[in-house]
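Given the structure is predicted, the values throughout are model-derived calculations rather than measurements. Note that these values count all heavy atoms, side chains included, but never hydrogens, waters or copies made by symmetry. Start at 1 and go down the list; that is how both ligands and their atoms are numbered.
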Amino acid sequence: MRIALIGAGYVGLTSGACFAQLGHSVTCVDIDQSRISALKAGRLPIFEPGLEDIVTRKTRQHRLRFGSDIEAGCRDADAIFLAVGTPSRPDGAIDLTFIEAAARQIARPMRRDVVAVIKSTVVPGTARRLREVIAEARGGLDFSVASNPEFLREGNAVADFLSPDRIVVGADDPRAAKVLREIYAPLLAKGAPGLFTNTTNAEMIKYAANAFLALKVGFINEVADLCEQIGGDVMAVAEGIGLDHRIGRAFLSPGPGFGGSCFPKDTRAFAEIGRRHGAPQHLTETLIDRNEDRKNAIAQQVLREIGSDRKAPHVAVLGVAFKANTDDARESAALTIIPQLIEAGCIVHAHDPKARPAVLGAAVIWHETSYEAAAGADIVLILTEWDEYRDLDLKQLARLMAGRTIIDCRNLLDFGQATQHGFRHLAIGRAAPPATQPGHRSRARGARVGDRRAAASPI
Ligand code: NAD
Ligand code: UDX
């Protein structure tokens, strides 16, 4: 099949490269010239493990091309996928400007029988709206519209795309369903479940899936708070409830509050859809507020730990990306926490292996290594679960830091070891001694984030 991908960002580029890997002939089109120039020169504009290899191979085999001319990219396509951004508006609703603009642009070169497929995350009803937009631009043209939401996770995008839990297709006519079935035939043949439904259901599935996963994260974060109060260990609790196959262990890792380009935006949009249609999504509304509170509470925790006597304290922030294995920092906890620390007079030294968001500007002092960032620090705050932070040399850290406090928002460090090196190690939702039952995987013990007794006692 000949496929055009409009938007060569995290989703468009991954989808385009993976469609080429499945044997299709793909053109990725983006209005961002610098992005296309980089891709043509063999440079990836994003960091995504495994993607560069596929892009290089498929470009060489002429299965994957890049361009900035939508007309040229779409002219021969059997299917045109829209993977442009759908950002939040101030009221939480999503902004469909990019989708509608792209729809108008593809309408002109679209040939008869082509299927326009929405891969971006869009509110229910958007596929129908897209049909109207294209029909207005190209009255009389026979075409189909489909919805094919994407469930890939950044940092694992290629694997998620090529081994999906399911492929969801919303098609309101048999031709659209047939074309999508053909495009995904190699994955369906390998056993990937395909759910073929109408466009409204497909659009709704995407939001409900992300809201549900975000609720799992929000839930375990509150359980972590409770564990801290009762002297429990959230990691043991997550393990224990996760072994129930009806619940599952995935998305039960406590952290500094979820971020990224999807969970925050999609939960806000889901809540807004509920309000607009008179079916309020109370759980999601609460989740959104609690998630922001959590990020703010961590900033307050850092300031409490430092105390008011210390002037211009040096805080080392390890991890700015919203999660590991991506260079994406959109709505990451760091973007909420760091400005509050700076506002309170802290000098913030930061390190991240891949993310260096421009939005933090010159307010932060960036370092090439975590040790350089931690040198002279009063406190180290770990926000992203990069493996290299898990493997920090605590002896070296102790030698370099001025203070002895580590706030470990991803529970990466071994409690026992950190305390042995003289650290006050504040982890999330862990205060209890390690469980003694055989098979329990947790090894950690020590203080907990927000532990007032521990805060008052000497190290
Ligand atoms: P992104 O910002 O990384 O990429 C979007 C790209 O679209 C940009 O490069 C932009 O220049 C381009 N673009 C905008 N208008 C265009 C036009 N008219 N013609 C050509 N190119 C145009 O966004 P993303 O993270 O890839 O997300 C895209 C969509 O996919 C969003 O709706 C998002 O919610 C959804 N989604 C994202 C993820 C994810 O993990 N990032 C996962 C699933 C779904
Ligand atoms: C998410 C969805 O998982 C994916 O299906 C969808 O296509 C896009 O949105 P992504 O944003 O890439 O993917 O990351 P994800 O792994 O879901 O993590 C989202 C946020 O939740 C991150 O900030 C992450 O750190 C946090 N999280 C996730 C936790 O705090 N604990 C967990 O157990 C899981």
Side-chain angles (χ1 to χ4, degrees), residues 4-16 28-36 38-39 45-46 48 67-70 73-74 80-88 94-106 118-123 126 148-157 160-161 164-166 206-207 209-214 216-221 224 238 242 248-267 269 291 294-295 319 321-334 383-385 409-411 428:
L5 243 308
I6 311 301
Y10 286 89
V11 168
L13 187 56
T14 306
S15 305
C28 286
V29 183
D30 203 293
I31 43 170
D32 183 340
Q33 297 277 356
S34 61
R35 186 162 279 238
I36 293 298
L39 284 163
I46 55 168
E48 187 57 53
S68 45
D69 181 345
I70 292 202
C74 294
I80 304 172
F81 284 75
L82 302 184
V84 300
T86 47
S88 280
I94 60 162
D95 183 349
L96 289 173
T97 312
F98 297 106
I99 282 280
E100 293 198 4
R104 278 185 209 98
Q105 288 165 316
I106 63 167
I118 307 180
K119 213 170 216 339
S120 302
T121 302
V122 293
V123 289
T126 307
N148 173 220
E150 183 48 58
F151 299 97
L152 61 78
R153 287 162 296 170
E154 288 180 24
N156 212 47
D160 282 348
F161 195 96
D165 284 345
R166 80 299 208 188
K206 175 64 196 177
Y207 279 112
N210 265 5
F212 189 79
L213 289 169
K216 275 187 96 173
V217 176
F219 176 79
I220 203 66
N221 283 341
R249 176 63 179 81
F251 282 73
L252 287 181
S253 297
F258 58 76
S261 68
C262 293
F263 277 10
K265 168 172 82 76
D266 294 351
T267 47
N291 195 54
R294 186 165 192 82
K295 296 174 185 175
F322 78 97
K323 64 181 218 181
N325 298 320
T326 180
D327 57 353
D328 197 345
R330 288 179 277 185
E331 303 216 29
S332 73
L383 290 177
T384 313
E385 73 282 24
C409 291
R410 298 284 187 170
N411 287 351
I428 289 208

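- Ligand 1 lies within reach of Ser261, whose nearest heavy atom is under 4.0 Å from it.
- Protein heavy atom at the shortest distance from atom 29 (C) of ligand 1 is Val84 O, 3.3 Å.
- Side-chain contact between Ser253 and Asn411 is absent, with no heavy atoms from C-beta onward closer than 4.5 Å.
- Checking only distances, Val217 never comes within under 3.5 Å of ligand 2, N or O to N or O.
- At the shortest separation from atom 33 (C) of ligand 1 among protein heavy atoms lies Lys265 NZ, 3.8 Å.
- When the heavy-atom distances from atom 20 (C) of ligand 2 to Gly260, Gly259, Pro164 are ranked, the shortest goes to Gly259.
- For ligand 2, one of its N or O atoms has an N or O atom of Leu152 under 3.5 Å away.
- Set against the non-hydrogen atoms of Arg35, the atoms of ligand 1 under 4.0 Å away are 9 (O).
- Ring-plane geometry between Phe258 and Phe263 is classed as perpendicular, the angle between the planes exceeding 60 degrees on a 0 to 90 degree scale with a lower cut at 30.
- Side chain of Glu48 to main chain of Ala157: a donor-acceptor pair is present (N/O by atom type, distance under 3.5 Å, no hydrogens or angles).
- Closest to atom 21 (O) of ligand 2, if we only count protein heavy atoms, is Phe258 CB, 3.3 Å.
- Looking from atom 7 (O) of ligand 1 to the surrounding protein, the closest heavy atom is Gly7 CA, 3.4 Å.
- From the protein, the heavy atom lying nearest to atom 12 (O) of ligand 2 is Glu154 N, 2.7 Å.
- Counting only distance, with no hydrogens or angles, the side chain of Asn221 and the backbone of Gly255 share a donor-acceptor pair below 3.5 Å.
- Annotation: atom 33 (O) of ligand 2 to nearest protein heavy atom, Ser253 N, 2.9 Å.
- In terms of protein heavy atoms, atom 32 (O) of ligand 1 is closest to Thr86 OG1, 2.5 Å.
- Distances from atom 15 (P) of ligand 2 to the heavy atoms of Arg410, Arg330, Lys323, Lys206 show the closest one on Lys323.
- Within ligand 1, counting atoms from 1 as listed, the ones closer than 4.0 Å to a heavy atom of Val11 are 26 (O), 30 (O), 36 (N), 37 (C), 38 (C), 39 (C), 42 (C), 43 (C), 44 (C).
- Residue contact annotation: Lys206 has a non-hydrogen atom under 4.0 Å from ligand 1.
- Given atom 4 (O) of ligand 1, the protein heavy atom at minimum distance is Gly9 CA, 3.3 Å.
- Asp328 places a side-chain heavy atom less than 4.5 Å from the side chain of Tyr10.
- Taking only non-hydrogen atoms, the option from Ile106, Asp266, Val122, Leu152 nearest to atom 42 (C) of ligand 1 is Leu152.
- Looking only at heavy atoms of the protein, atom 44 (C) of ligand 1 is closest to Thr121 OG1, 3.5 Å.
- Residue nearest to atom 43 (C) of ligand 1, selected from Glu150, Glu154, Arg104: Glu150 (by heavy-atom distance).
- The shortest contact between atom 11 (O) of ligand 2 and any protein heavy atom is with Phe322 CE1, 3.4 Å.
- The single protein non-hydrogen atom nearest to atom 11 (O) of ligand 1 is Asp30 OD1, 2.6 Å, given as residue, atom name and distance.
- Regarding atom 23 (O) of ligand 1, its nearest protein heavy-atom neighbour is Arg330 NH1, 4.0 Å.
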